[in-house]
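Structure record follows, encoded as structure tokens.
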Amino acid sequence: AYEIGARLVGSEMCIRDRLTAGVTTPIVGLGTAVVTTAASFESSMNGVRAVTGATGQDLDDLTDLAREMGSTTQFSASEAAAGMEFLGMAGWDTTEIMSGLPDVLNLAAAGGMELASAADIASNIMSGFGIEASEAARVSDVLAEASASANTSVEQLGGGFTYVGPVASSAGMSLEETAATLGVLADAGIQGEQGGTALRGALSQLLNPTAQVQDVMDGLGVSIQDADGAMRPFPDIMRDLEDAGADTSEMMQIFGQEAGPAMLALVERGADDVAAFTEQLHGSEDAAQDMADIRMEGLSGQLKELQSAAEGLMLELGDTGLLNIVTTVVEKFTEWTQKINETNPVSYTHLTLPTTPYV
């Protein structure tokens with residue numbers, strides 16, 4: 001009888017261990033992953049709500065879009081929400097975010113960068129040039145095409161635009177023209193913020209020329225202003241300097257120690273190359289989407305999509321009430337802990353632990 005009892009007990013323990021390893025532990029692990037994922041997304045959307053002020057249906061629409069992007073692209077729903085937050089910080093409203101986020105997502109995928117960074121870059125450029133959110137696709141396509149055709153990246157172009165964008169816009173340069181110029185400078189080894197700083201310095205000299213700059217330009221027979229007193233198109237001025245055979249000394253006198261070498265490199269490359277690159281960027285429609293699709297080809301891309309789809313599933317499971325239950329439990333324990341902090345340690349015995357529901 002003793003042996004039979006021991007065997008039964010041993011068998012029961014074996015079955016229990018197997019259930020723990022094969023069933024209970026995976027379920028607990030899945031529950032933890034669901035709660036963690038749902039909580040992270042909830043936090044991200046709280047950030048969106050904080051900067052946009054979106055409530056009600058607007059917030060629901062943004063939440064649905066973030067989750068859709070998370071389940072159908074290489075980016076997670078939390079990453080999509082982070083991108084929304086940057087766009088909201090740039091002053092975009094719900095409608096603009098709904099319209100522009102997919103294009104910003106394409107830019108991030110095309111450039112192999114974080115979605116939040118792409119959103120920051122795109123929104124800054126659009127603000128600098130006064131471009132509406134409805135033209136987010138144009139910005140994404142131009143940056144993607146420029147990075148693919150010149151010795152620069154989307155992030156480096158973004159750094160350059162940060163320094164030169166508003167000045168270039170005030171000088172009458174288009175988005176495409178500015179991107180082409182930064183691309184040509186990048187090919188000469190003057191990349192990112194360095195290129196943007198140099199171009200800003202050059203434009204500043206031309207927008208408000210000193211007496212010395214004007215004398216050198218007059219000596220070369222190059223006009224800075226048109227008949228109405230406005231600055232002539234920057235590419236035309238650079239072409240005239242090229243035709244006039246401006247040497248290093250003259251370029252340095254015109255543009256200064258910092259911008260001079262960069263403008264010399266631009267002139268040596270030739271205004272025609274800048275013009276051709278500008279035209280190429282004008283025809284860059286769908287460049288970001290095409291590049292994003294190519295980057296997602298193969299096993300690596302499929303694994304990213306699988307990871308995003310899995311996150312979408314966990315968010316769906318979190319919506320079943322699991323996140324609310326855990327939140328309630330945490331709130332109860334928080335209240336209990338606060339009571340302990342407010343109570344004399346000697347009298348802890350009168351406290352009653354909160355009753356927690358089974359999850």
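Predicted model, so just to flag it, every value in this text is computed and none were measured. Any value given below was found using the heavy atoms of this structure, including those in side chains, with hydrogens, waters and symmetry copies removed.
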>> When you measure from the side chain of Glu279 to the backbone of Ala276, do you find a donor-acceptor pair of N or O atoms at a distance under 3.5 Å?
In response: no
>> Is it the case that the side chain of Glu242 and the backbone of Ala271 share a donor-acceptor pair, with hydrogens and angles ignored and the cut-off at 3.5 Å?
In response: yes
> Would you call Asp272 and Arg239 a side-chain contact if the rule is heavy atoms closer than 4.5 Å?
Replying inline: yes
> Side chains of Ile224 and Gln214: does their closest heavy-atom pair fall under 4.5 Å?
Replying inline: yes
> Counting only heavy atoms not in Glu285, do more than 12 fall under 6.0 Å of its CD?
Replying inline: no
> Rounded to the nearest 0.5 Å, how far does OG1 of Thr178 lie from CZ of Phe234?
Replying inline: 9.5 Å
> Judged by atom type as modelled, is there a donor-acceptor pair below 3.5 Å linking the side chain of Ser284 to the main-chain atoms of Ala287?
Replying inline: no
>> Looking at every non-hydrogen atom in both residues, tell me the closest pair between Gly201 and Ala259 and how far apart they are.
In response: C-CB, 4.1 Å
> Same cluster or not: are Val222 and Met252 linked, directly or through other Ile, Leu, Val, Met, Phe, Trp or Tyr residues, by side-chain heavy atoms under 4.5 angstrom apart?
Replying inline: no
> Ala180 and Thr278: which non-hydrogen atoms are nearest, and at how many Å?
Replying inline: CB-OG1, 3.3 Å
> So, Ser170 side chain and Val167 main chain: donor-acceptor pair closer than 3.5 Å or not?
Replying inline: yes
> Are Met291 and Leu281 co-members of a hydrophobic cluster defined by side-chain heavy atoms under 4.5 Å apart?
Replying inline: no
> Is the side chain of Asp226 donor-acceptor paired with the backbone N or O of Arg232 at a distance under 3.5 Å, no angle test?
Replying inline: no
> Nearest heavy-atom pair of Ala150 and Phe277: which atoms, and what distance?
Replying inline: CB-CE2, 4.0 Å
> Is Asp141 reaching over with its side chain to a backbone N or O of Asp286, donor-acceptor style, under 3.5 angstrom?
Replying inline: yes
>> Suppose we screen for ring pair (Phe, Tyr, Trp, His ring centres under 6.0 Å). Which residues come up paired with Phe129, at least two apart in sequence or across chains?
In response: Phe161
> Hey, what do you get for CE (Met263) to CE (Met251), rounding to the nearest 0.5 Å?
Replying inline: 7.5 Å
>> Main chain of Gly165, side chain of Ser169: is a donor-acceptor contact present, judged purely on distance under 3.5 Å?
In response: no
> Has the side chain of Ser147 got a donor or acceptor atom that lies under 3.5 Å from a matching backbone atom of Ala144?
Replying inline: yes
> Quick one: CE on Met84 to CD1 on Ile97, what's the gap to the nearest 0.5 Å?
Replying inline: 7.0 Å
> Does Leu115 share a hydrophobic cluster with Met45, counting links as ILVMFWY side-chain heavy atoms below 4.5 Å and allowing steps through other members?
Replying inline: yes
> Can you tell me how far CD of Gln253 sits from CD of Gln205, rounded to the nearest 0.5 angstrom?
Replying inline: 11.5 Å
> In terms of hydrophobic clusters joined by side-chain contacts under 4.5 Å, are Met126 and Leu182 together?
Replying inline: yes
> Okay, side chain of Ser99, backbone of Thr95: is any donor-acceptor separation there less than 3.5 Å?
Replying inline: no
> When rounded to the nearest 0.5 angstrom, what distance separates CE in Met69 from OG in Ser76?
Replying inline: 12.5 Å
>> Could you go through Met231 and Leu203, starting from their C-alpha distance and side-chain angles, then the distance that decides it, and tell me whether this counts as side-chain contact (heavy atoms from CB on, under 4.5 Å)?
In response: CA-CA 10 Å; Met231 178 182 147; Leu203 292 172; 3.8 Å; yes
> So do Leu220 and Ile254 actually touch side chain to side chain, heavy atoms under 4.5 Å?
Replying inline: yes
> Between Asp103 and Arg138, does at least one N-O distance fall below 4.0 Å, as a salt bridge requires?
Replying inline: no
>> Let me check something: do Met238 and Val274 share a hydrophobic cluster, defined by ILVMFWY side-chain heavy atoms less than 4.5 Å apart, either directly or through other members?
In response: yes
>> Pair Ile237, Met217 - check side-chain contact (heavy atoms from CB on, under 4.5 Å), show working.
In response: CA-CA 10 Å; Ile237 295 175; Met217 296 291 276; 3.9 Å; yes
>> Let's go through Glu155 and Ile121 carefully: what are the C-alpha distance in whole Å and the side-chain angles of both, what is the deciding distance for side-chain contact (heavy atoms from CB on, under 4.5 Å) to 0.1 Å, and is it a yes or a no?
In response: CA-CA 8 Å; Glu155 290 179 294; Ile121 289 171; 4.3 Å; yes
>> Applying side-chain contact (heavy atoms from CB on, under 4.5 Å) to Asp120 and Met89, what does each step give before you reach the verdict?
In response: CA-CA 9 Å; Asp120 191 30; Met89 290 168 63; over 6 Å; no
> Between Arg67 and Asp64, does a salt bridge (charged side-chain N to carboxylate O under 4.0 Å, His left out) hold up when you go through it step by step?
Replying inline: CA-CA 5 Å; Arg67 293 178 67 157; Asp64 290 342; 5.9 Å; no
> Any idea which heavy atoms bring Pro166 and Thr162 closest together, and the distance?
Replying inline: CD-O, 4.5 Å
>> On a heavy-atom basis, which atom in Gly83 and which in Ala119 lie closest, and how many Å separate them?
In response: O-CB, 3.6 Å
>> Whether the side chain of Glu176 engages the backbone of Val142 through a donor-acceptor N/O pair (distance < 3.5 Å, no angle test) should be reported.
In response: no
> Going by distance alone, is a donor N or O of one side chain under 3.5 Å from an acceptor N or O of the other, for Gln280 and Ser149?
Replying inline: yes
>> Which residue is it: Leu266, Leu241, Val213, Val216? I am looking for the one with a side chain to side chain contact (heavy atoms under 4.5 Å, CB included) to Phe255.
In response: Leu241
>> So, using side chain to side chain donor-acceptor pair (under 3.5 Å) as the criterion, who are the partners of Gln57 when residues are at least two apart?
In response: Asp61
>> Suppose we screen for side chain to side chain donor-acceptor pair (under 3.5 Å). Which residues come up paired with Asp58, at least two apart in sequence or across chains?
In response: none
> If you take all heavy atoms of Ala54 and Thr94, which pair is closest and at what distance?
Replying inline: CB-OG1, 4.0 Å
> When rounded to the nearest 0.5 angstrom, what is the spacing between CZ in Phe86 and OG in Ser123?
Replying inline: 8.5 Å
